[in-house]
Amino acid sequence: VTRIYLGLLANDAIYLVTGYAFLFAAGLARLRLRDLRLVGLAYLAGWALIGTATSLVLMAGIELRPVTVVIVSVLTVAACAVVGLRRPNELPAEAASPWSAPGIAAVVVGGAVIAIAAAAAVATAFSSVWVAEFDLLSAWLPRAEIVYYLHHLDPAQWSSFIDPWYPPLSPVMFGTTFEFVGGFHPSVLPIQQTVLGIAFVLAALVLLDRFVPRWISFPSLALLIVTPWFWWRLQSLLPDQTLAYMLAAAAIVTVIWLYEPNGAWLALGVVFLSAGTLTKLEGFAFALLLVVVVLVAGFVLYRRRALPALWLLLGPAAMVPWRLWLDTHHVMATNPDFNQPRLLDPGFLARRVGAFGHAIRLILGVPWGHSFKATEALIVIGGIVFVCVVRRIPVIAVAAVTWIGLMILALAATYATSRVDLGPYFSFTAPRVGGTFVVSAATLTPLLLGLALRTSNGHR
Amino acid sequence: LTSPVPSAGPSDAPERVASVEAPAANGTPSGTGGHRRLLAGRSWLVAVAALVAAVELVMAVTRTPFYARVGNKNLHAPKLLVRDADVDAFVYYDPTFAMVAAQYAIPRNATYTIVVGNEGKHAMVPGLAIDVYRLFLMPRKYTTDIKKAQWALTYWKSSEFLGVPYTTELGLGPGVNAVKLSTGVRR
């Protein structure tokens, strides 16, 4: 048992060190005591960076063993150190946040809620039995076993389980954990997932802290962490929650870039977008939509000065090597349920209008079914905030809402044009995939409020 | 990549809610009527933000005792060994000792197949049974062709009806057997 937990610790330490090095290269960390507050962001970025890098390493045919992960980490840290020392990136100085008694009270209460919910999640992850959901048994865990036992993406084994076209980041990260703990131990994975979830909350707090008064950011994230859609899934081994973390983090940093166009935010955006892309096929679609929306908004705001945002395309481009790997190894690359949607056939499309409406109703209706109305509150508050801030930061606010709207439309259109029966299928998938919309909306809402408070009317 | 934009002013504290009138210097288009100024003003936005924060905080706080109880209960729950916790999740589907026994019965380098019958009343559906046992039997090589298999794991299926000769049959649990086949690739 000691070896297992030491292995977990070593695994997490690698993510943390790699992430700090990346933040150093981006100019966000300067290896000072004050940088300890970046622990969540460092872990999240390190996890995304190592996940993407090890996935690419495996696609290149290199065996994955603990030493491979260590080498990838050392090389990344070295590269980041060189970049950080030779070409240090400068961020504008942070504005000091004035404190007030109500502000301090909100931070203390919000912080206490976050701490209690996080501690409860950790205790639950250590003590409760992991949930062996069907998708996990039939797709994600077997592929993690392939990575762990065979040390490479064995095409024959990979394609013998359902949905081989799904990208490999989640199984690779599970397999990496198994390598470090020295065995196939799915019961320790909820601990890793919970750490990742808490890291996301801390990362969101520190990213918002630069632009949002704490009396706004702490209550928002306190409500998010106690939302059933979020808290119960902190332990979930399905990749949907991971996808939500990566895309919401990508959305935060790219929206920040629209306000403060510094290369650090683009670098973080690429890391989160590529990890989201390699987590699920939906991640690729949502990441691409985010990049397109941010590019359009960037060109509206900054014209030619927005050209560096084209680097964000590297995120969804992480799908290219995966498609190449599938093609090279003759592994089925597309879902037959979506193979022949006959999108140019007017008759087919006319027949699917009803299914599209049904899909939209299901996606938008699912969050309203809980007895605790936190999810509904997050969505309603998000809508109210959008209406309030759109005059001050029209481009940024419209970009954020457009991205979330496009994600919903894209998901509904995909399901509507499939051959899958929407009823039972959606009862399982819609709440899971919908988590990305809720988490993104919940973290973008305080950011929009904070940016609007700092901005004069209509400038952004 | 860097093209910094001048930093905006410092953020507001909630006590500014008291000041409803929009400050003239904040870039707000100055409406003629008080109502327009009220809607366009920055203080109005601070008031909305304060209201939102208060609602969020109240909702979050009311839910926190529930999570505290869940966390406390789990903190004091008896701890399982990791190896038991790995297997316990499968109790929901089927007795787990057959799954663990299959790992000991079938050699690690063997090629095997899984044959699912319909003789069990509360058995897993065929697809799920195959997924669960494949998970436990990795890294053994799985094949769907029984003629290429060295071993067969039979799940609620009589070995006599496998259609291939076999030499050994090991009982792993109710309805579950590991059968060493006479066919299959020899290693």
Side-chain angles (χ1 to χ4, degrees), chain A residues 1 4 89-90 92 95-98 100 102-103 106 109-110 113 116-117 119-120 123-124 127-132 137-138 141-142 145 149-150 160 185-188 213 215-216 219-220 222-223 226 231 260-263 266 305 308 372 374 377 381 385 388 449-450 452-457, chain B residues 1-15 26-29 40 42 44-46 48-50 52-57 59-61 63-64 66-68 70-72 74-75 77 79-83 85-86 88-93 127-128 131-132 134-135 138-139 141-142:
Chain A
V1 173
I4 287 172
N89 181 38
E90 291 294 331
S97 299
S100 62
V109 176
V113 169
I116 291 169
T124 304
S127 305
S128 64
V129 174
W130 62 285
V131 182
L137 300 182
S138 56
L141 274 184
E145 284 188 306
Y149 285 119
L150 308 179
S160 71
H185 296 302
S187 63
V188 303
W215 57 268
I216 296 176
S220 293
L223 182 57
V226 299
W231 194 90
E260 183 184 87
N262 187 287
L266 293 182
R305 283 198 301 149
F372 178 49
I381 287 170
V385 165
C388 293
L449 255 180
L453 282 170
R454 296 164 60 100
T455 311
S456 302
N457 269 13
Chain B
L1 288 177
T2 310
S3 53
V5 162
S7 181
S11 54
D12 277 286
E15 65 266 32
N26 69 355
T28 308
R42 188 167 180 275
W44 181 80
L45 192 57
V46 174
V48 170
V52 163
V55 169
E56 288 175 335
L57 213 50
M59 289 196 75
V61 166
R63 197 60 178 175
T64 304
F66 169 76
Y67 291 109
V70 171
N72 188 50
N74 281 312
L75 192 64
K79 300 285 181 291
L80 288 172
L81 289 173
V82 170
R83 66 163 191 231
D86 291 337
D88 246 29
F90 295 92
V91 170
Y92 177 76
Y93 296 115
L128 180 63
D131 285 340
V132 167
R134 281 192 72 182
L135 202 65
M138 190 76 86
K141 195 173 177 188
Y142 174 75

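We name chains A, B, ... by the order of the sequence lines, and we start the count at 1 in each one.
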* Between the side chain of B/K79 and the main-chain N/O of B/A77, is any donor-acceptor distance below 3.5 Å? -> yes
* Asked: Of all of A/C388, A/S128, A/A222, A/G110, which one pairs up most often with chain B through heavy atoms under 4.5 Å apart?
  -> A/C388
* When you measure from the side chain of B/N72 to the backbone N and O of B/A68, does any donor-acceptor pair fall under 3.5 Å? -> no
* Asked: In terms of heavy-atom pairs under 4.5 Å, which option from B/D86, B/D131, B/L80 contacts chain A the most?
  -> B/D86
* Main-chain N/O of A/W231 paired to B/Y67 side chain as donor or acceptor, under 3.5 Å -> no
* Asked: Which of the residues A/V109, A/I216, A/V131 is involved in the greatest number of heavy-atom pairs with chain B at under 4.5 angstrom?
  -> A/V109
* Asked: Is a side-chain N or O of A/W130 found less than 3.5 angstrom from the main chain of A/P186, in a donor-acceptor match?
  -> no
* Asked: Based on non-hydrogen pairs under 4.5 Å, which of B/A89, B/G127, B/G71 is most in contact with chain A?
  -> B/A89
* Asked: Any luck finding a side-chain donor-acceptor pair between B/R134 and A/S138 under 3.5 Å?
  -> no
* Given the options A/A120, A/A117, A/A119, which has more heavy-atom pairs under 4.5 Å with chain B than any of the others? -> A/A120
* To do: Could you tell me which portion of B/L75 (side chain, backbone, both or neither) has an atom closer than 4.5 angstrom to a non-hydrogen atom of chain A?
  => both
* What part of A/I116 is in contact with chain B, defined as an atom under 4.5 angstrom from a non-hydrogen atom: side chain, backbone, both or neither? -> side chain
* Contact origin within A/A106 toward chain B - heavy atom pairs under 4.5 Å -> both
* In terms of heavy-atom proximity below 4.5 Å to chain A, should B/V48 be classed as side chain, backbone, both, or neither? -> side chain
* Do B/E56 side-chain atoms and A/S220 backbone N/O form a donor-acceptor pair below 3.5 Å? -> yes
* Select one option (side chain, backbone, both, neither) describing which atoms of A/L141 are under 4.5 Å from chain B's heavy atoms. => both
* To do: May I ask you to decide if B/A85's main-chain N or O and A/S187's side chain share a donor-acceptor pair within less than 3.5 Å?
  => no
